[in-house]
Amino acid sequence: MQFAQLHGNEALKASLTGMVDSGKMGHALLFVEEQGMGAIAYALALSQYINCKDRSGGDSCGVCNSCHKHGKLIHPDVHFVFPVAAVSSLGESEKKHPISDYFLDGFRTLMLSNPYFDEQDLFDALGLENKAGNISVHEARDIISKLSLKPYESEFKVMIIYLAEKMNAEASNKLLKLLEEPPEGTYFFLVCHKPDKLLPTILSRCQIIRLQPDTPEDICEILCREENADADRAMVAARISHGSYGSALKVLREEELSDEYASDIRSLLDAALEHNLTKLLAIAEALTTPGREKQRDFCVYAENYIRKIFMFANGVPQISFALQGEYQDLGRYAAQINKDFYSKALASLDTAISAIESNVNAKLIFVDLCNRFYIYI
Ligand SMILES: [Zn+2]
């Protein structure tokens with residue numbers, strides 16, 4: 001990955017390459033970002049820059065053997081560590097001490113498809129089965145062992161640790177000495193979202209690199225150009241993402257996926273407003289057809305849609321982040337729905353989400369939900 005492939009943060013790119021060029025880069029860098037800003041991609045681009053023999057113009061060449069292997073995440077001297085857990089797909093002995101190496105395939109697929117991923121995207125890609133991922137002392141031992149060997153192909157070894165705040169105290173303490181005095185030619189690039197969760201002793205050993213948010217205009221422009229996004233939708237996604245390109249991209253993709261949910265929630269509200277129980281039961285039946293994940297996503301979408309109607313009903317549509325195309329329907333619902341509906345409907349949707357997650361029979365969940373909408377509206 002070259003710096004030129006990364007969005008924004010031009011000053012940061014110049015400062016990183018400048019540090020390398022002048023030989024003033026520390027051996028432990030801590031990249032601090034908000035979710036979805038792509039700090040891990042900056043760390044990788046920096047590793048590629050350090051190891052490229054033909055760099056020029058503030059970037060790696062992108063075509064040499066080292067760059068090629070960086071691009072595929074298969075360079076033998078570049079290691080990735082991230083939080084993992086003992087999941088059922090691992091063998092019995094692997095489960096006892098799960099480490100990142102067992103999950104590299106899922107990690108590579110995610111990183112290569114979207115380097116602006118967030119924590120949840122990572123855990124989904126690794127298949128962590130809703131378990132809390134962490135970086136354990138087993139991983140710390142593996143890091144020490146990997147860094148004790150000489151580099152295979154390059155002059156430098158790079159250890160990229162994503163979500164360093166997920167290192168437990170035992171793992172952190174085990175790595176302290178290595179962070180303070182790493183073997184020659186070794187770099188640590190740590191990425192974290194919550195630096196206050198790191199041990200102060202780790203923080204004090206790192207040079208802090210802070211990623212800056214992009215402007216909504218810049219994010220919108222990139223989404224339109226690279227994702228072929230509709231400008232209205234891209235701008236809404238950019239505005240609610242606090243300068244994180246990855247978050248905006250996620251919002252946009254979820255919006256696109258959610259067109260079907262929009263049609264379902266409108267049918268549900270229309271049938272409830274008509275007090276048409278037959279139609280409501282047919283809708284309940286239809287909502288049970290997709291798998292549990294989509295059932296849950298529908299409920300989350302419905303909650304968001306009802307919040308938007310609530311803001312229209314209270315005369316503040318501008319803070320609902322509704323798309324222009326939604327204004328007419330939201331205004332129509334706001335004029336017809338009674339004011340007690342919102343809190344009761346949101347509570348019912350929360351109950352439905354918990355029930356879906358607890359594997360309650362889907363038909364029971366959605367018939368109950370539709371009945372409640374019928375009564376409350
Ligand atoms: Zn190169």
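For ligands, and for the atoms within them, numbers begin at 1 and follow the listed sequence.
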Hey, would you say the Phe156 and Tyr187 ring centroids sit under 6.0 Å apart?
yes
Could you list the cluster mates of Ile319? Members are the ILVMFWY residues connected by side-chain heavy atoms closer than 4.5 Å, either directly or through other members.
Met311, Val316
Applied to residues 265-277, the salt bridge (Lys or Arg N to Asp or Glu O under 4.0 Å) test, sequence neighbours excluded, yields Arg266-Asp329, Asp270-Arg332, Glu274-Lys279
Enumerate the protein N/O/S atoms at a distance below 2.8 Å from the Zn ion (ligand 1), ignoring waters.
Cys52 SG, Cys61 SG, Cys64 SG, Cys67 SG
Side chain to side chain, Phe103 and Leu122, heavy atoms closer than 4.5 Å:
no
Other cluster members, Tyr152 - Ile/Leu/Val/Met/Phe/Trp/Tyr, side-chain contacts below 4.5 Å:
Leu149
Parallel, tilted or perpendicular for Phe341 and Phe373, by the 30°/60° rule?
perpendicular
